[in-house]
Colleague: 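Input: one structure, supplied below.
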Amino acid sequence: MEIFLVQHGEAKSEEEDPQRPLTDKGKEDVSRVAETVAKMNLKIEQILHSGKTRARQTAEIFAKYLRMAKIEEIKGIGPLDDPYLAKELIEKSDNNLMIVGHLPHLSKLVSLLIINNPEREIVKFKMGGLLGLKKTETGWFITCFFTPGL
């Protein structure tokens with residue numbers, strides 16, 4: 001099983017727009033990473049997002065480049081949600097998933113999966129970036145990491 005964790009792209013400030021949609025730069029950054037990922041022919045069956053505007057827009061951009069129609073809003077992957085809920089969701093799935101979310105949740109989820117300690121940060125996400133993880137018999141390991149600047 002593989003999962004791909006994506007931090008949403010750069011969003012407008014809450015003062016500028018309370019819905020916090022992606023900025024033009026955020027859309028460009030996400031598109032750049034999504035285009036690169038699409039060329040790799042990754043097997044992703046489903047894209048999940050938190051429901052926040054910035055996460056939904058990021059998921060939609062990835063879906064466009066990956067030519068996928070299956071995008072779903074789910075609970076439990078918001079910025080301050082418990083990473084154990086997402087881990088449980090991942091473990092119940094038979095599909096390769098993309099999860100589009102937020103910090104600090106994504107960082108805690110990676111640490112929980114790899115070293116079983118959500119409080120110890122082991123990866124620095126970048127807005128619009130994607131981190132790939134694969135599960136083996138001995139646990140999870142990182143397979144790829146793309147950021148808009150690479």
Side-chain angles (χ1 to χ4, degrees), residues 1-14 16-17 19-68 70-74 76-87 89-90 93 95-136 139-150:
M1 171 183 207
E2 290 184 271
I3 59 170
F4 301 91
L5 304 177
V6 178
Q7 183 185 1
H8 64 78
E10 179 184 87
K12 293 181 179 181
S13 69
E14 197 167 341
E16 189 177 358
D17 185 334
Q19 294 299 312
R20 303 213 47 219
L22 295 178
T23 62
D24 288 341
K25 179 185 183 313
K27 291 174 187 173
E28 290 170 15
D29 287 348
V30 172
S31 293
R32 189 176 311 114
V33 172
E35 183 176 21
T36 300
V37 169
K39 292 175 185 173
M40 295 180 61
N41 296 317
L42 300 176
K43 303 287 186 240
I44 301 170
E45 284 88 17
Q46 188 175 19
I47 300 176
L48 307 174
H49 66 85
S50 70
K52 293 188 179 290
T53 302
R54 57 198 180 272
R56 179 183 47 75
Q57 289 177 319
T58 299
E60 289 169 349
I61 292 169
F62 270 95
K64 176 183 136 191
Y65 280 94
L66 296 172
R67 293 183 173 87
M68 294 180 63
K70 191 161 184 174
I71 300 174
E72 184 180 344
E73 176 184 334
I74 62 163
I77 60 171
L80 301 176
D81 287 340
D82 184 346
Y84 286 91
L85 297 173
K87 180 182 180 199
L89 169 87
I90 291 165
S93 178
N95 296 326
N96 290 344
L97 303 173
M98 176 179 284
I99 298 174
V100 181
H102 314 264
L103 294 181
H105 182 265
L106 289 174
S107 182
K108 289 182 177 202
L109 178 58
V110 170
S111 296
L112 177 61
L113 292 172
I114 294 178
I115 63 170
N116 202 31
N117 181 352
E119 300 308 318
R120 186 166 162 239
E121 185 177 52
I122 61 171
V123 173
K124 291 269 188 210
F125 276 87
K126 300 284 184 191
M127 287 187 182
L130 174 143
L131 176 75
L133 297 165
K134 182 174 183 130
K135 186 172 186 176
T136 66
W140 290 92
F141 67 93
I142 296 171
T143 57
C144 60
F145 192 34
F146 297 99
T147 63
L150 291 178

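This one's a predicted model, so the numbers in the text were calculated from it and none came from an experiment.
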Colleague: What do the steps show when you test His49 against Thr58 for side chain to side chain contact (heavy atoms under 4.5 Å, CB included), and what is the final call?
Modeller: CA-CA 9 Å; His49 66 85; Thr58 299; over 6 Å; no
Colleague: So, Lys108 and Glu119, do they make that salt bridge, N to O below 4.0 Å?
Modeller: yes
Colleague: Go through it in stages, so that I can follow the logic: the residues are Ile90 and Trp140, the test is side chain to side chain contact (heavy atoms under 4.5 Å, CB included), and I'd like the CA-CA distance, side-chain angles, deciding distance and then a yes or no.
Modeller: CA-CA 12 Å; Ile90 291 165; Trp140 290 92; 3.8 Å; yes
Colleague: Taking all atoms of both residues into account, what is the closest heavy-atom pair of Val33 and Pro148, and its distance?
Modeller: CG2-N, 3.6 Å
Colleague: Quick check against the 3.5 Å criterion: does Ser93 have a side-chain atom that pairs as donor or acceptor with the backbone of Leu89?
Modeller: no
Colleague: When you measure from the side chain of Gln57 to the backbone N and O of Leu22, does any donor-acceptor pair fall under 3.5 Å?
Modeller: yes
Colleague: Tell me, do Ile114 and Ile142 make a side-chain contact under 4.5 Å, heavy atoms counted?
Modeller: yes
Colleague: Angle between ring planes, His8 versus His102, binned at 30° and 60°: parallel, tilted or perpendicular?
Modeller: tilted
Colleague: Could you check whether Arg56 pairs with Glu60 (Lys NZ or Arg NE/NH1/NH2 to Asp/Glu carboxylate O, under 4.0 Å)?
Modeller: yes
Colleague: Drop me the distance from Leu130's CG to Met40's CE, to the nearest 0.5 angstrom.
Modeller: 8.5 Å
Colleague: Would a 4.5 Å heavy-atom cut-off, applied to side chains only, mark Ser50 and Ile99 as touching?
Modeller: no
Colleague: Considering all heavy atoms of both residues, which atom of Phe145 and which atom of Phe125 are nearest to each other, and what is their separation?
Modeller: CZ-CA, 4.3 Å
Colleague: If you look at every heavy atom in Lys87 and Leu109, which pair is closest and at what distance?
Modeller: N-CD1, 3.9 Å
Colleague: Report the C-alpha distance between Leu106 and Val123 in whole Å, list the side-chain angles of each, state the deciding distance to 0.1 Å, and finish with yes or no for side chain to side chain contact (heavy atoms under 4.5 Å, CB included).
Modeller: CA-CA 9 Å; Leu106 289 174; Val123 173; over 6 Å; no
Colleague: First locate atom CZ of Phe62, then atom CZ of Arg67, and finally report the distance between them rounded to the nearest 0.5 Å.
Modeller: 15.0 Å
Colleague: I'd like to know if the side chain of Ser107 and the backbone of Leu103 have a donor-acceptor N/O pair within less than 3.5 Å.
Modeller: no
Colleague: List the steps, then state whether side chain to side chain contact (heavy atoms under 4.5 Å, CB included) holds for Leu113 with Ile3.
Modeller: CA-CA 11 Å; Leu113 292 172; Ile3 59 170; 3.6 Å; yes
Colleague: Mind listing the closest non-hydrogen atom pair of Thr53 and Pro21 along with its distance?
Modeller: CG2-CA, 3.8 Å
Colleague: Just verifying a value: how many Å separate Met68 CE and Ile44 CD1, rounded to the nearest 0.5 Å?
Modeller: 6.5 Å
Colleague: What's the separation between atom CG in Leu131 and atom OG1 in Thr147, rounded to the nearest 0.5 Å?
Modeller: 11.0 Å
Colleague: Hey, could you give me the CD/CG distance between Glu45 and Leu97, rounded to the nearest 0.5 Å?
Modeller: 8.0 Å
Colleague: Taking all atoms of both residues into account, what is the closest heavy-atom pair of Thr23 and Gly26, and its distance?
Modeller: OG1-N, 2.9 Å
Colleague: Between the main-chain N or O of Lys12 and the side-chain N or O of Arg20, is there a donor-acceptor pair closer than 3.5 Å?
Modeller: yes
Colleague: Hey, could you give me the CD/CD distance between Gln19 and Glu14, rounded to the nearest 0.5 Å?
Modeller: 9.5 Å
Colleague: For the CD atom on Glu121, are there more than 12 heavy atoms of other groups (residues, nucleotides or ligands in this structure) within a distance under 6.0 Å?
Modeller: yes
Colleague: Identify the heavy atoms of Asn117 and Ser111 that sit nearest to each other, and give their distance.
Modeller: O-CB, 3.1 Å
Colleague: Side chain of Glu72, backbone of Leu48: donor and acceptor closer than 3.5 Å?
Modeller: no
Colleague: Is Asn96 reaching over with its side chain to a backbone N or O of Lys43, donor-acceptor style, under 3.5 angstrom?
Modeller: yes
